[in-house]
2 protein chains.
Amino acid sequence: MNLPPLIQSFVLHFGEMGSRWGINRTVGQIYALLYVSPRPLCADDIVEALGVSRSNVSMGLRELQTWNLVLLKHIPNDRRDHFTTPDDVWQILRVLAEERKKREVDPTLSVLRELLMQTPGSEEEKHAQARLAEMHGLIERLTTWYEDVKRLETERLAALLALGAKVTRLLEAKDKVVGLVRGRKEA
Amino acid sequence: MNLPPLIQSFVLHFGEMGSRWGINRTVGQIYALLYVSPRPLCADDIVEALGVSRSNVSMGLRELQTWNLVLLKHIPNDRRDHFTTPDDVWQILRVLAEERKKREVDPTLSVLRELLMQTPGSEEEKHAQARLAEMHGLIERLTTWYEDVKRLETERLAALLALGAKVTRLLEAKDKVVGLVRGRKEA
DNA sequence: CCGTGATTTCAGAATTTTCTGAAATCTATG
DNA sequence: CATAGATTTCAGAAAATTCTGAAATCACGG
């Protein structure tokens with residue numbers, strides 16, 4: 001690997017981080033490299049930059065494509081495929097959330113649903129099912145919330161984030177208004 | 001492994017899922033088992049239930065403890081340590097969020113900060129730094145939002161979740177009110 | 001402070017994952 | 001449709017991780 005020091009540090013860190021997630025070191029490094037690169041890179045550029053085998057890069061790019069984390073760009077008069085990352089970081093966040101949900105949450109949800117359909121054969125299983133129901137309930141709330149907010153445009157989403165816990169003040173205000181209206185009606 | 005079928009399915013699924021995260025199969029299984037168990041289990045109970053070695057269970061429990069995902073319970077007149085999971089699923093969610101942040105987000109944030117302090121040595125590094133700044137900005141927004149909402153009591157948090165994207169309507173309403181007030185003042 | 005049982009440690013075995021190089025396949029062009 | 005360059009596949013090598021059993025340590029009651 002022979003990269004400008006700043007870029008190298010970032011790439012190495014991402015590689016390590018990658019292995020703390022499900023993705024392996026090389027995949028993390030490829031992603032990081034593409035992320036900071038000012039222009040799309042072809043597979044050989046990556047081989048050169050990271051010092052790993054051509055086939056490893058091919059597999060890594062493949063995996064990143066299944067994650068929708070890299071895009072294929074064609075450079076005029078060059079037969080080779082070139083790759084970039086989506087350049088809007090919010091877009092990246094969305095993609096990441098979507099993919100992780102698909103891989104980590106959805107399968108669990110469907111197993112839970114299935115197990116909750118079964119008739120428990122003992123007290124032990126009855127208790128287990130109650131616990132599964134709790135977990136299922138929580139995950140379902142989280143995912144419907146996610147389905148909701150993921151539709152927001154970036155700007156609104158950013159506004160929401162910026163507001164943070166202050167939303168609860170809005171909520172309180174709303175409750176008060178609703179309370180007042182109810183009170184008046186009931187009077 | 002010799003468990004009631006419903007429990008076994010859950011335990012096995014969690015084991016598989018575990019390896020999609022950073023934790024290994026056994027750790028996932030131990031967690032799942034404790035989660036559905038009606039009473040605290042000791043290490044030997046787990047060995048028996050999962051059919052893995054005693055030392056493996058010891059290491060697994062250790063790891064789960066560093067994640068704050070299992071609690072030690074003492075059973076009167078029994079020298080052995082017994083373990084459970086926190087029983088409120090919201091609590092579990094909080095713990096999980098906190099730990100993942102600590103392990104996956106914080107280190108990245110600090111690397112980014114460090115790299116952003118450096119003086120870029122070339123156009124390439126300059127561009128890279130700009131990208132890092134974008135990433136840093138996004139992550140920072142997300143974490144401050146998280147720091148904010150994690151302080152909410154469960155009930156408020158649930159209310160917020162239930163509201164989902166509808167919060168934006170509240171936001172719009174607020175904007176309108178503020179706008180009116182401003183308009184009046186300026187007039 | 002000894003003995004008993006619970007727990008942890010740790011070196012190496014077993015397993016899984018990652019990576020490579022050679023061969024196969026694909027694809028645009030003359 | 002032959003060729004050359006680009007890309008992918010895949011079997012096995014290399015590396016990393018997980019798991020085990022034996023030994024060490026710990027901790028409590030007598």
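Just so it is clear: chains get the letters A, B, ... in the order the sequence lines come, proteins before strands, and each one is counted from 1.
One interatomic measurement links the two molecules: CG of Asp78(A) to C1' of dT27(C), which rounds to 14 Å at whole-angstrom precision. Whole-Å rounding puts the Ile46(A) CD1 to dC19(C) P distance at 14 Å. Here dT27(C) presents its C1' atom at 12 Å from NE2 of His74(A), a figure rounded to the nearest Å. Rounded to an integer number of Å, the gap from CD1 of Ile75(B) to C1' of dA6(C) is 15 Å.
Scored by the salt bridge (Lys or Arg N to Asp or Glu O under 4.0 Å) test, Glu16(A) finds no partners at all (sequence neighbours excluded). By the salt bridge (Lys or Arg N to Asp or Glu O under 4.0 Å) test, Asp106(A) is found to be paired with Lys101(A), residues two or more places apart in sequence or in another chain being considered. Residues satisfying the salt bridge (Lys or Arg N to Asp or Glu O under 4.0 Å) criterion with Glu99(A), sequence neighbours excluded, are Lys102(A), Arg103(A).
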Q: Report, as a single string ordered 5' to 3', how protein heavy atoms within less than 4.0 Å touch nucleotides 7-18 of chain D: B base, S sugar-phosphate only, - not at all.
A: SBBB-------S
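With hydrogens and angles disregarded, a donor-acceptor distance shorter than 3.5 Å links the side chain of Tyr35(B) to the backbone of Arg131(A).
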Which atom pairs, donor and acceptor, lie under 3.5 Å between side-chain atoms of residues 48-56 of chain B and protein residues at least two apart or in another chain?
from     : atom 1 : to       : atom 2 : distance (Å)
Ser53(B) : OG     : Ser55(B) : OG     : 3.3
Ser53(B) : OG     : Asn56(B) : N      : 3.1
Asn56(B) : ND2    : Thr26(B) : OG1    : 3.4

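Identified under the side chain to side chain donor-acceptor pair (under 3.5 Å) test for residues 107-118 of chain B, with sequence neighbours left out: His13(A)-Thr108(B), Arg113(B)-His136(B), Arg113(B)-Glu140(B).
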